[in-house]
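Predicted model only: the values in this text are computed from it and were never measured.
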Amino acid sequence: MKYYLKLVRIENLLMIAFSQIILKYTFLNQAEILQALSDWKYFLLIIATISIAAAGYIINDIYDVDVDHINKPDKVYVGTHISEKNAYNLYFILNIIGVGLGFYLSRAVGKPSIAAVFVICSALLYVYSNGLKQIPLVGNAVIAALAALSILVVGLFNIFPFIFDFNKEVMFSILSVIIDYAVLAFLLHFAREIIKTIEDIEGDKAFEITTVASYFGITVSKIITSITLLGFIGYACYFIYYNIMHMPYVIGYFVILLFLPILFVIFKTIRANSKEDFSFISKLLKFIMLATILSLAAIVLIGN
């Protein structure tokens, strides 16, 4: 069982679920607005989201078995601890669960067309693993966009169906915050994806896989990462200015737990020169992702 949990990146799935829980049970509930999904249906939305994400991790590992023997030999699970057949079976089962729940929830909120988001995500993850990842920047942007969608899907299923003339101003203001956090998530995940191409450059070059690092070089990849992270700080400042300028403690949270760590990551990125350095940076970015989603709770708990 533990190898199946490692295959689907259980820690990343928990991060996705945690983000959606924080979004609803702190920010949205505190806003006291109409929400389309009951608690148990929201739970199904979380299951659908992490099912599609888990399927994406599996298909990516199936296609990356050879190169992963070089990049991360201790994390190769397909063909060692789990047969390729079982991995494929789990991949199909998770996609069926994710897409099936997406169709059910879309009909439950009276917007059948929004189920397409789960179909599109599933297809993009397959296309990414089957070759799109070898288009520098494009493949990285797709993964970052899908990460942002795990936040946007909450607004799509839980807020959008209950927008009416009498409440559209309030609902659109809530949606704007969700979109802002999706943008922040995109920037962080994009930067991390670039770092991962540097971390895996040895195996990618050995198998002639085109990534940002193997195509543009490590120096350019560092520059792209640093600019993206500076963009995160810039966008977060924009969010602060228009939403929480009256919340000094929350601003302090952003400065201490987001801005300073990101500046440290940029510093470390510029000086990094080993696989271990980039692995450390990748872990730091995960911490910043967690701190970013927790800032929503900070807005509710210490903002007033």
Side-chain angles (χ1 to χ4, degrees), residues 9 11-12 15-16 18-19 71-72 75 133 136-145 147-148 151 180-205 210-245 247-299 302:
R9 312 294 197 278
E11 70 281 359
N12 292 351
M15 178 83 77
I16 292 171
F18 183 70
S19 298
N71 288 332
K72 41 188 177 181
K75 295 182 179 180
K133 66 165 63 177
L137 297 179
V138 175
N140 309 106
V142 166
I143 291 298
I151 294 174
D180 286 340
Y181 270 82
V183 172
L184 293 175
F186 174 87
L187 293 170
L188 280 179
H189 279 85
F190 184 76
R192 187 167 181 265
E193 285 298 310
I194 303 301
I195 288 296
K196 285 164 64 179
T197 68
I198 305 176
E199 188 180 355
D200 294 342
I201 190 171
E202 182 182 344
D204 293 337
K205 281 188 172 181
T210 306
T211 66
V212 171
S214 65
Y215 184 79
F216 293 110
I218 292 178
T219 300
V220 172
S221 300
K222 287 182 176 182
I223 293 172
I224 294 172
T225 301
S226 299
I227 291 174
T228 302
L229 292 174
L230 288 174
F232 175 93
I233 292 177
Y235 197 88
C237 287
Y238 158 83
F239 173 80
I240 290 171
Y241 181 79
Y242 283 100
N243 295 279
I244 58 172
M245 279 298 289
M247 301 179 181
Y249 292 113
V250 180
I251 293 174
Y253 177 100
F254 270 76
V255 171
I256 295 171
L257 292 177
L258 298 182
F259 295 169
L260 291 179
I262 282 179
L263 290 174
F264 178 70
V265 166
I266 293 173
F267 172 76
K268 290 291 292 183
T269 298
I270 293 171
R271 295 176 59 88
N273 52 29
S274 69
K275 185 180 180 72
E276 289 72 24
D277 291 337
F278 293 109
S279 179
F280 175 68
I281 291 168
S282 180
K283 289 182 175 65
L284 280 179
L285 287 172
K286 272 193 173 183
F287 162 79
I288 296 171
M289 290 173 188
L290 178 61
T292 299
I293 197 62
L294 282 174
S295 67
L296 268 174
I299 291 172
I302 64 175

**Request:** Take Val265 and Thr225 through the side chain to side chain contact (heavy atoms under 4.5 Å, CB included) test and state the conclusion after the steps.
**Result:** CA-CA 10 Å; Val265 166; Thr225 301; 5.7 Å; no

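- Contact of the Tyr253 side chain with the Leu294 side chain is registered, since non-hydrogen atoms from C-beta on lie closer than 4.5 Å.
- Annotation for Leu290 and Ile293: closest pair O-CG2, 3.1 Å, computed over non-hydrogen atoms.
- Only one option out of Ile244, Leu296, Val255 pairs with Val250 in a side chain to side chain contact (heavy atoms under 4.5 Å, CB included); it is Ile244.
- Rounded to the nearest 0.5 angstrom, Met15 CE and Glu11 CD are separated by 8.5 Å.
- Ala213 and Ile201 get closest at one heavy-atom pair: O-CD1, 3.7 Å.
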**Request:** Kindly indicate, with the supporting measurements, whether the criterion side chain to side chain contact (heavy atoms under 4.5 Å, CB included) is fulfilled by Ile198 and Ile281.
**Result:** CA-CA 11 Å; Ile198 305 176; Ile281 291 168; over 6 Å; no

**Request:** Let me see the working for Thr292 and Phe232 under side chain to side chain contact (heavy atoms under 4.5 Å, CB included), right down to the final yes or no.
**Result:** CA-CA 11 Å; Thr292 299; Phe232 175 93; 3.7 Å; yes

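- Rounded to the nearest 0.5 Å, atoms OG1 (Thr210) and NZ (Lys133) are 12.0 Å apart.
- Across all non-hydrogen atoms, the minimal contact from Pro261 to Ile256 is CD-O, 3.2 Å.
- Leu285 and Ala191 get closest at one heavy-atom pair: CD1-C, 4.2 Å.
- Lys286 and Ser282 share no donor-acceptor pair across their side chains, judged by distance under 3.5 Å alone.
- The line from CD1 of Ile302 to OH of Tyr249 is 9.0 Å long, rounded to the nearest 0.5 Å.
- Across all non-hydrogen atoms, the minimal contact from Ala272 to Lys222 is O-NZ, 2.5 Å.
- In Phe259, the CZ atom is crowded: over 12 heavy atoms of neighbouring residues, nucleotides or ligands sit closer than 6.0 Å.
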**Request:** I would like to know whether Asp200 and Thr211 meet side chain to side chain contact (heavy atoms under 4.5 Å, CB included); could you show each step before the answer?
**Result:** CA-CA 9 Å; Asp200 294 342; Thr211 66; over 6 Å; no

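- Between Leu137 and Ile224, some side-chain heavy-atom pair lies under the 4.5 Å cut-off.
- For the salt bridge (charged side-chain N to carboxylate O under 4.0 Å, His left out) test, no residue two or more places apart in sequence or in another chain qualifies with Lys268.
- To the nearest 0.5 angstrom, Leu229 atom CG is 8.5 Å from Leu187 atom CG.
- For Phe186 against Ala141, the heavy-atom pair with the smallest separation is CE1-O, 3.4 Å.
- Atoms OG and CD1, on Ser19 and Ile151 in that order, are 6.0 Å from each other to the nearest 0.5 Å.
- Judged purely by distance below 3.5 Å, without hydrogens or angles, the side chains of Ser295 and Tyr181 pair a donor atom with an acceptor atom.
- Between Tyr238 and Tyr235, the distance separating the two ring centers is shorter than 6.0 angstrom.
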**Item:** Residues Lys196, Glu199; criterion salt bridge (Lys or Arg N to Asp or Glu O under 4.0 Å); working and verdict
**Value:** CA-CA 5 Å; Lys196 285 164 64 179; Glu199 188 180 355; over 6 Å; no

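- With values rounded to the nearest 0.5 angstrom, Asn243 atom CG is found 6.0 Å from Asp180 atom CG.
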